[in-house]
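The structure under discussion appears below in the form of structure tokens.
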Amino acid sequence: MFAEVIVDIKTSQVDKVFDYFALENTKVGHRVMVPFGNRTIEGYVIGLKETTAYPIEKVKKISRILDEEPLILPEMLELSDYMIKNNHLKRVDTLRLFLPSGIRKEKVKPLLKEYVYVLDFEKDEARKKLRANSKKQLEMLDYIEPNNSYLKSDLNKKFGSLAVDKFVEMGFFEVKTERVLRNPQTKQKEDKTVELNDAQKDILEKVKEPATHLIFGVTGSGKTEIYMHSIKRCLDEGKNAIMLVPEIGLTPQVVSLFKARFGSIVAILHSGLSMGERFDEWQRIYSGEARIVVGARSAIFAPLKNIGIIIIDEEHDDSYRSESNPRFYTHDIAKFRAHYNNCPLVLGSATPNIDTYYRAKNGEYRLHTLLKRANNKEMPKVEVVDMRQEMLAGNNNMFSRRLQMDLNDCIKANNQAMLFCNRRGFASYMICKSCGWVAKCDDCDATLVYHKEDDLLKCHFCSRRYKTITNCPKCDSKYIKMGVLGTERVADELKKLFPGVKVLRMDFDTTQNKSSHANILEEFANTKPCILVGTQMIAKGHDFPNVTLVGIVDADMSLHYSDFRSAERTFDLLTQVAGRAGRAEKIGKIVLQTYMPKHYVYRFMANYDYKSFFEREINVREVSKFPPFAYIVRVLFSGENLEDVQVATAHALNEFNLLCEDNKDILYCRAMKSPVSKIQNKYRYQILLRLTNFGFTNLIDKVYNICDKYQKQGVSVFVEINPNNLS
Ligand code: ADP
Ligand code: ZN
Ligand code: ZN
């Protein structure tokens, strides 16, 4: 018997299958060690066969099998095939996704601990056998209970190892070594089971169907309760469940909610775990001990068998798209696994991805709508404040008079406020503070981005450049503003305005420690009054009953991000942020500061009118031929040698241009320096293509073929389809 083996080497340019003589017990999916050149390296068995096309004298033998049972399930091997084809990935890159990094190369070992088991004996009898002056032993005898077990190291610490050894010798204790699972720490939370209302019950019934469902429901409408009831139903049927949440939405609150309801059968997978914790959680899922996986994007690859439901919460979130190799879109993988397991896939959001809602409206997905909050409370009122008026009235502060007053009231009432300040991306835009005019590209209607190093405004979409200006072309005002408003400045300003009031800050800089995220939230939960300032990190999933005010310091910031999805993203983000206020008994309010108060995003957002926003947005996309009416394909070239990268880009562009000549399905094709022109010493160039939906299937393979040709030592070429951003 021969085994087809994929060897796990990082530098492998080719995705080659090698044939080896199989050992007796070799199964498909096994991890093995194989001789390779003059080394022995790790590999994966992806097939078994009777014959080989290699010269038989050159075929070597598998050295050993690393695990008793194959770690890569048959389902995952099929998924690997799918991803190779669909995402143009290398086999080894897909297989690596399926295993925790600690398992490969045996970086992490199972954690073993010694336990003492107290055998069955009479304490009084035992006491007689001990000497009267052996104080520690007598104390230990009082402490222990027959038929119980204790961690040996604990007893050693309390009573000394001599005493413990003595008890072993006397036959009171038996020592056993056992594997312990590293358990990610969580605080336990009281579970309150609620009875679903009629709207929720109705949806719960409908999402049984093995299809793709979209639950579109305002924040607080009780989606999470539907998820948990569906999962419960799955468990009762003997099946298992995966529930995905955005990375930053995976708060301790969500985790403890699930643990409180379902207990130890919940496994958690996210990037904050240590390698050992991840390894053990993975093992618990693989062995079937854990039956519910709650995790961020990569949890979609969990080795869970017999899946009864897959849920993607906040399905519109950008983090579901992997932006570095291996690139994939979580929804595609989830669809594959749902189909394989013949189970429902449930997407949920208050602000669905435009593409998702479009499919749901067209009947490709089943649409279920929740119009009201579960507790029947009104959505908090959104007040849009015109920052141009503030300036005219002589207020140059970053906070409007409205926001200052509301903050004051909030603090006086001993409540809490959240101030949101989105500093997304690396660059700033140019805006007139008097009239709200924003510098835009003449060709693309995209906001221009200021590049400090060459003092130019650039369009990230077509790479056209513009000189910076000092006077507004519309109203001639010289109050042209540039630069971003960071969380740090907002927090400083607050401390000045409200001395003595606790101000907390949560952003990338303040959450570098493993537990800092949880600590900040915990401190916020326990402090009144208090103001929490943060980036989009504070937008998701948090449920603080005392938050009565949410301030959005500069709503326009993400709107001006140069991208066809910036309106969509702004709507999502602001809706999410607004959803933090007035969740419980107290009435909430949102103050939204903008220089463009009439913009349709704000108009619809202030009324929580996603549907109208969707209609408006989908029309724009249709007319301008953007997704879902076309595909954007970015081909990214990067490498350490600038000339190599430029040459590869130029040659590839030639080929693309040839392709364009006789093909109307290519709507756009240009090459340019990437907006972030260098990352980690690698120069970046890109070719942007826009393809019609009709032409996509046909053309994408041609695109891949061209890219493979220029993928060589020193230059890497990646294809991204409808990427999150074009930096
Ligand atoms: P979403 O996920 O849509 O934001 P949740 O499921 O988290 O909403 O529900 C929001 C709040 O309403 C939670 O505190 C939850 O416990 C409560 N809730 C949900 N469903 C019900 C219900 N049927 N009856 C009472 N309270 C409910
Ligand atoms: Zn442009
Ligand atoms: Zn102006």
Side-chain angles (χ1 to χ4, degrees), residues 188-207 213-233 241 243-246 248-262 266 292 294 296 309-317 320 346-353 356-357 360 367-380 416 418 521 525 536 538-548 550 571-588 590 605 608 610-611:
Q188 277 303 324
K189 182 172 164 171
E190 205 59 51
D191 186 28
K192 46 164 191 178
T193 24
V194 296
E195 202 193 322
L196 297 187
N197 60 38
D198 288 347
Q200 287 170 313
K201 276 187 194 148
D202 184 44
I203 296 178
L204 178 68
E205 240 349 85
K206 287 181 174 148
V207 296
H213 302 266
L214 169 64
I215 304 180
F216 164 51
V218 295
T219 48
S221 58
K223 296 185 292 296
T224 309
E225 277 301 332
I226 299 178
Y227 304 153
M228 292 205 283
H229 278 78
S230 314
I231 291 173
K232 175 75 174 48
R233 179 171 59 199
M243 153 125 169
L244 304 179
V245 288
I248 53 177
L250 194 60
T251 57
Q253 286 188 5
V254 175
V255 173
S256 49
L257 185 66
F258 270 77
K259 291 226 167 164
R261 186 155 310 175
F262 298 110
V266 177
I292 303 170
V294 178
I309 193 168
I310 302 176
I311 297 161
I312 305 184
D313 190 28
E314 311 278 13
E315 68 85 27
H316 62 278
D317 194 89
Y320 289 123
V346 177
L347 312 174
S349 177
T351 54
N353 187 307
T356 302
Y357 196 78
L367 178 62
H368 315 284
T369 308
L370 284 170
L371 294 169
K372 284 200 274 180
R373 283 195 159 175
N375 55 9
N376 265 322
K377 291 197 60 148
E378 293 290 311
M379 298 300 287
Q416 298 172 317
M418 280 178 157
L521 291 175
Q536 64 257 43
I538 66 170
K540 305 223 164 101
H542 310 302
D543 206 343
F544 295 109
N546 293 309
V547 172
T548 54
V550 167
F571 190 93
D572 295 348
L573 204 53
L574 298 183
T575 307
Q576 294 292 337
V577 180
R580 299 309 113 216
R583 289 177 74 86
E585 293 314 308
K586 295 173 182 168
I587 292 175
I590 287 91
M605 190 262 132
Y608 298 96
Y610 173 84
K611 283 188 188 166

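Atoms within each ligand, like the ligands themselves, are counted from 1 in listed order. The analysis underlying the following values was restricted to heavy atoms, covering all of them including side chains, and did not include hydrogens, waters or symmetry mates. What you see is a predicted model, and the numbers here were worked out from it, not measured in a lab.
Across Leu347, Thr575, Asn353, a single residue satisfies side chain to side chain contact (heavy atoms under 4.5 Å, CB included) together with His316, and that is Asn353. Tyr227 pairs in a side chain to side chain contact (heavy atoms under 4.5 Å, CB included) with only one of the listed residues (Ile215, Ile309, Leu204), which is Ile215.
Within ligand 1, counting atoms from 1 as listed, the ones closer than 4.0 Å to a heavy atom of Glu195 are 22 (C), 23 (N), 24 (N). Residue Asn197 approaches ligand 1 through these ligand atoms, each under 4.0 Å from one of its heavy atoms: 23 (N). Interface of Leu196 with ligand 1, defined as ligand atoms under 4.0 Å from a residue heavy atom, comprises 23 (N). Ligand-side atoms of ligand 1 in range of Ala374: 12 (O), 18 (N), 19 (C), 20 (N), 21 (C), 27 (C), range being under 4.0 angstrom from any heavy atom.
Ring geometry for Tyr610 against Tyr357 counts as perpendicular: the plane angle is over 60°, on a 0 to 90° scale with 30° as the lower cut.
Here the OH atom belonging to Tyr320 is positioned 6.0 Å from the CG atom belonging to Asp313, to the nearest 0.5 angstrom. To the nearest 0.5 Å, atom OG1 of residue Thr224 and atom CG of residue Leu257 are 7.5 Å apart.
Looking at ligand 1, you'll find an N or O of Gly220 within less than 3.5 Å of one of its N or O atoms. Distances between N or O atoms of Thr219 and those of ligand 1 include no value under 3.5 Å. Taking distance alone, with nitrogen or oxygen atoms compared against 3.5 Å, Gly222 approaches ligand 1 more closely than that limit.
The neighbour count for Lys611 NZ, taken as heavy atoms of other residues, nucleotides or ligands under 6.0 Å away, does not exceed 12.
Ligand 1 lies less than 4.0 angstrom from a heavy atom belonging to Ser221. Ligand 1 has no atom lying under 4.0 Å from any heavy atom of Asn375.
Closest approach of Phe262 and Met228 over heavy atoms only: CZ-O, 3.5 Å.
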